[in-house]
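Structure first, then comments.
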There are 2 protein chains.
Amino acid sequence: MKTSSVELIILDLLSHEQAHLTAQEIYQQLKLRLPAVNPSTVYRALERMAHAGKISVSDMGRGAMVYEAVGGERHHHLVCQDCGAVMTIEDRPVNELFRYLEGRYHFEMITNHLILFGRCQNCQKVSESGRQ
Amino acid sequence: MKTSSVELIILDLLSHEQAHLTAQEIYQQLKLRLPAVNPSTVYRALERMAHAGKISVSDMGRGAMVYEAVGGERHHHLVCQDCGAVMTIEDRPVNELFRYLEGRYHFEMITNHLILFGRCQNCQKVSESGRQ
DNA sequence: ATTGAAAATGCAAGTATTTGCATTAAAATA
DNA sequence: TATTTTAATGCAAATACTTGCATTTTCAAT
């Protein structure tokens with residue numbers, strides 16, 4: 001089926017450089033262009049687009065899932081759960097793991113936006129000095 | 001601080017073999033033992049426990065995050081987004097990726113329950129025959 | 001161009017989750 | 001043991017999100 005106007009606007013909103021937006025943020029920005037849009041329409045469009053592989057859904061520890069357009073260079077993130085810092089990491093080692101798992105388990109990987117939680121270098125130092 | 005009684009019951013509920021429960025399921029089962037418990041108490045306890053590293057929080061595509069006790073043998077899953085099948089996978093290749101990323105980015109990995117989405121062997125076949 | 005079918009949308013109601021505030025319980029201190 | 005402090009809890013309200021139903025819009029077929 002043809003892409004609906006709501007979906008086109010969502011893709012446009014997410015096309016900015018590596019934008020990760022929550023459903024709420026997308027709804028707020030969509031309303032600027034389509035004042036009559038209903039929240040349930042936005043949630044349904046996000047669901048359709050995620051299932052169709054147009055956007056990816058990830059938990060980045062912001063209290064709600066975030067959405068991102070699929071299509072740009074694949075990338076992944078390390079997220080610090082203390083300070084919230086987000087680090088973009090290279091795709092190669094992640095892709096190697098995915099290829100290995102696909103062969104090992106006869107699985108077709110769809111995940112393309114990996115988020116891994118931990119603590120960044122700064123927060124590790126702060127925690128160590130706090131213990132001393 | 002000492003573990004609260006709600007937290008103890010949650011840990012008990014999650015101690016069954018690789019139980020992955022949503023907040024709602026945990027609340028329903030908790031009420032059987034603590035009829036007066038308030039949903040907000042459960043949500044708060046889950047938040048405390050996740051931040052303390054006692055439980056892990058994951059999106060397994062069930063429409064809500066699922067919780068699991070941390071402490072057993074670390075494992076990860078492949079989840080089919082068509083039929084919902086869940087495959088447990090070995091930790092070794094995932095751990096190798098985590099160790100590499102820790103060194104490369106000076107990051108202390110906390111994530112210990114990786115969920116990767118894709119399509120299982122059966123659903124790949126169904127999709128192919130559907131296309132023919 | 002018209003008609004019918006399918007999909008998207010809005011509305012209202014419902015459910016899941018979060019938050020502010022006050023109270024209760026547990027822990028620490030004297 | 002008593003008191004104070006801290007954390008957990010319940011309640012109600014609020015927010016985020018989902019769902020059922022009817023309507024509108026879009027697409028496909030004629």
Side-chain angles (χ1 to χ4, degrees), chain A residues 1-14 19-69 81 84 117 130, chain B residues 1-14 19-69 81-82 84 117 130-131:
Chain A
M1 209 61 79
K2 182 181 174 183
T3 308
S4 72
S5 55
V6 165
E7 292 184 4
L8 286 174
I9 300 178
I10 290 176
L11 283 175
D12 189 52
L13 292 173
L14 295 178
H20 306 91
L21 300 175
T22 67
Q24 265 287 358
E25 290 166 341
I26 291 169
Y27 172 61
Q28 297 303 337
Q29 294 185 33
L30 229 172
K31 278 189 66 171
L32 300 178
R33 307 196 203 182
L34 275 179
V37 77
N38 195 273
S40 58
T41 299
V42 180
Y43 286 100
R44 285 186 177 124
L46 290 173
E47 173 86 4
R48 280 197 308 276
M49 295 167 78
H51 200 267
K54 295 177 180 177
I55 60 177
S56 68
V57 190
S58 313
D59 170 20
M60 290 190 79
R62 291 175 54 195
M65 304 303 273
V66 298
Y67 299 84
E68 185 198 40
Q81 73 165 32
F117 291 94
Chain B
M1 210 61 77
K2 183 181 174 183
T3 306
S4 73
S5 57
V6 166
E7 292 186 5
L8 286 172
I9 298 178
I10 290 177
L11 282 176
D12 188 50
L13 292 173
L14 294 178
H20 304 92
L21 301 174
T22 66
Q24 265 287 358
E25 290 166 342
I26 291 168
Y27 171 61
Q28 299 302 336
Q29 295 185 33
L30 229 172
K31 278 188 67 172
L32 300 179
R33 308 195 202 184
L34 277 179
V37 77
N38 195 274
S40 58
T41 300
V42 180
Y43 286 98
R44 287 185 175 125
L46 291 172
E47 173 84 6
R48 283 197 305 276
M49 295 167 78
H51 199 268
K54 296 177 182 175
I55 60 177
S56 69
V57 190
S58 314
D59 170 21
M60 290 188 79
R62 291 175 54 195
M65 304 304 272
V66 299
Y67 299 85
E68 182 198 41
Q81 75 165 32
D82 285 354
F117 290 93
R131 270 195 221 103

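Below, chain A is the first sequence line, B the second, and so on; all start at residue 1.
Rounded to an integer number of Å, the gap from B:E25 CD to C:dT15 P is 17 Å. Following rounding to the nearest Å, B:Y27 (OH) and D:dT9 (P) show an atom-to-atom distance of 14 Å. Summarising the geometry, the separation between CG on A:L34 and P on D:dT25 is reported as 13 Å, rounded to the nearest angstrom. Between the C1' atom of C:dT17 and the CG atom of B:L46 lies a distance of 11 Å, rounded to the nearest Å. One interatomic measurement links the two molecules: CG of B:L30 to P of D:dA8, which rounds to 15 Å at whole-angstrom precision. Remark: C1' of C:dT17 and CZ of B:R62 are 17 Å apart, rounded to the nearest angstrom. Between the CG atom of A:L8 and the C1' atom of C:dA7 there is a distance of 15 Å, given to the nearest Å. When the P atom of D:dA7 is taken as reference, atom NE2 of B:H51 falls 14 Å away, rounded to whole Å.
Neither side chain, B:E25 nor B:Q29, offers a donor N or O lying under 3.5 Å from an acceptor on the other.
The closest side-chain heavy-atom distance from B:Y67 to B:V57 is below 4.5 Å. The shortest side-chain heavy-atom distance between B:L14 and B:E68 does not fall under the 4.5 Å cut-off. Using a 4.5 Å heavy-atom cutoff, the side chains of B:M65 and B:T22 are not in contact.
A:T41 has a side-chain polar atom (N or O) that falls below the 4.0 Å cut-off from OP1 or OP2 of C:dG10. Checking the phosphate oxygens (OP1, OP2) of C:dA8, no side-chain nitrogen or oxygen of A:R44 falls inside 4.0 Å. In this structure, A:N38 reaches the C:dC11 phosphate: one of its side-chain N or O atoms is under 4.0 Å from OP1 or OP2. Considering only side-chain N and O atoms, A:Y43 lies under 4.0 angstrom from the phosphate OP1 or OP2 of D:dC17. The phosphate of D:dT9 (OP1 or OP2) has a side-chain N or O of B:R48 nearer than 4.0 angstrom.
The base of D:dC17 is not paired with the side chain of A:S40 by any donor and acceptor separated by under 3.5 Å.
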Margin query: Applying side chain to side chain contact (heavy atoms under 4.5 Å, CB included) to A:R48 and A:R44, what does each step give before you reach the verdict?
Written below: CA-CA 6 Å; A:R48 280 197 308 276; A:R44 285 186 177 124; 4.2 Å; yes
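Using a 4.0 Å heavy-atom distance criterion, A:A45 is classed as making no nucleic acid contact.
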